[in-house]
Amino acid sequence: MNLVRFFPLALFQWLQHTAIGEYVDHSMWVFAVTETVHIVCLSILLGATLILDLRLLGKGMTRESIVTLSNTVRPWIWSAFIGLAITGVVMFNSEAVKMGRNRGFFLKVIFLVLAVLFQLTIHRRVTSSNDAEGTGWAKLAASLSLSCWLGVALAGRAIAFL
Amino acid sequence: MLSLIQWLNEVPISVWLREMPYPFPIIETIHILALGASFGTILWVDLRLMNLVMRDRKVSDVIEQLEPYAVLGFAAMFVSGALLFLSEPVKAYSTMAFRIKAVMLILAGINIWFFHRGIYSTISQWDRSKRLPWQARFTGISSLLLWLGIIVAGRWTAYV
């Protein structure tokens, strides 16, 4: 399964021939720098998510309340996400056709959509009050949130092999 | 030193890691996830020491609650990193980016050691203070810069 089955191939060809796509494709340095920023943003997002989800699991940061901690880390999660999205789009554009045909990339997009939807709905709701403290729902939300992001990262790595 | 590295290069596990298709990408994935767990939590300690986040929380609370995960993440990162190094010792050793990375790692270690032996031993005096001692702020900034440098040098090692 890949993206080309759902979107016209011409779209990917056009993306690859946009100015960004061509520029990044012809400069190894730009790609390397973009990838480095992507990795830094990834660790910020992963770390902030881990902090909040460990709290929900009752395994860390237990001296902070869920709501306070969530309000503290959320701006960092979304800033890192924006950084990841921008650098991700730049890298995608440089090899859009290949990515459109890649199964790993398709999997990554699926996990990404799941992760974002989950963060914006159930996860947001669970972390919006301290009532979820210690409940099974909090633990389930934390596990699903971590699994989704882990899925994004693993599928991202799998792009090179699938 | 070079002869030791060359010997390491021919150790069976080194050859195995280098020649099999799967070990390297799997270990590399673990390395990057561990980076997220370790840098992602150290970052919060650094930002707290720079007085940028959780200002109304005690510094010791932030450090004590995050340190176990930072240490765990670092251990996983170090072991997986050592295996990645072992897969091509001669190549890594002769790469400038890798040497810079090794130096920055040592500096980051010294930084934490100094912090714990030094200003952290008097934390009860400034734990809730609005203005943190310069040593604490310095530790935060230098740790953050060193880790960013380590990540950049690490990526650079993979490219050359």
Side-chain angles (χ1 to χ4, degrees), chain A residues 27-55 57-65 68-77 79-80 84 87 91 104 146-147 149-162, chain B residues 21-22 24-48 52-74 76-77 97 101 144-145 147-160:
Chain A
S27 164
M28 203 185 94
W29 276 106
V30 177
F31 193 91
V33 170
T34 311
E35 199 178 20
T36 307
V37 176
H38 199 70
I39 292 179
V40 170
C41 290
L42 175 144
S43 9
I44 296 173
L45 184 136
L46 213 62
T49 306
L50 192 65
I51 288 171
L52 184 55
D53 287 338
L54 283 171
R55 175 66 190 84
L57 289 167
K59 303 265 182 223
M61 301 302 279
T62 42
R63 294 176 212 169
E64 320 297 325
S65 82
T68 318
L69 195 62
S70 150
N71 288 338
T72 309
V73 301
R74 189 171 285 132
W76 291 83
I77 291 181
S79 306
L84 278 166
T87 50
M91 288 191 288
L146 283 174
S147 309
W149 290 120
L150 196 65
V152 176
L154 291 181
R157 195 67 195 84
I159 289 173
F161 303 98
L162 288 175
Chain B
Y22 290 110
F24 195 89
I26 291 172
I27 299 167
E28 200 180 26
T29 306
I30 294 170
H31 193 60
I32 293 186
L33 289 174
L35 168 81
S38 126
F39 174 71
T41 45
I42 291 173
L43 174 72
W44 285 83
V45 175
D46 293 343
L47 291 171
R48 179 64 188 89
L52 292 175
V53 297
M54 305 177 85
R55 278 180 223 156
D56 54 340
R57 312 298 305 159
K58 286 200 290 184
V59 176
S60 63
D61 267 353
V62 176
I63 293 180
E64 283 166 20
Q65 292 182 100
L66 287 176
E67 214 162 41
Y69 294 98
V71 169
L72 219 63
F74 184 82
M77 190 163 59
K101 180 173 179 173
L144 183 59
L145 290 178
W147 277 108
L148 287 174
I150 289 166
I151 296 174
V152 170
R155 198 73 285 255
W156 182 17
T157 305
Y159 271 103
V160 286

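Quick note on labels: first sequence line is chain A, next is B, and so on, each numbered from 1. Predicted model, so just to flag it, every value in this text is computed and none were measured.
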Between [X] and chain A, with a heavy-atom cut-off of 4.5 Å, which part of the residue counts as in contact: side chain, backbone, both or neither?
X	result
B:Val152	both
B:Ile150	neither
B:Trp44	side chain
B:Leu43	side chain

Counting heavy-atom pairs under 4.5 Å to chain B, which of [options] comes out on top?
options	answer
A:Leu150, A:Leu42, A:Val73	A:Val73
A:Val37, A:Leu50, A:Ile39, A:Ile51	A:Ile51
A:Val33, A:Thr49, A:Leu45, A:Val40	A:Val40

Atom pair CE (B:Met77) and CG (B:Leu33), whose distance is rounded to the nearest 0.5 Å: 12.0 Å
Pairwise distance SG(A:Cys41) to CG(A:Leu46) - rounded to 0.5 angstrom: 12.5 Å
SB check A:Arg55 A:Glu64 (cutoff 4.0 Å): no
Pair A:Arg63 + B:Glu64: basic N to acidic O under 4.0 Å: yes
Which atom of A:Phe161 lies closest to which atom of B:Pro25, heavy atoms considered: CZ-CB, 3.1 Å
Heavy-atom donor-acceptor pair, A:Thr34 side chain to A:Val30 backbone, under 3.5 Å: yes
Contacting region of A:Ala153 [heavy-atom separation from chain B under 4.5 Å]: side chain
Plane angle bin for B:Trp147 and B:Phe39 - parallel if under 30°, tilted between 30 and 60°, otherwise perpendicular: tilted
Options B:Thr41, B:Val53, B:Asp61, B:Leu148, ranked by heavy-atom pairs under 4.5 Å with chain A, top entry: B:Asp61
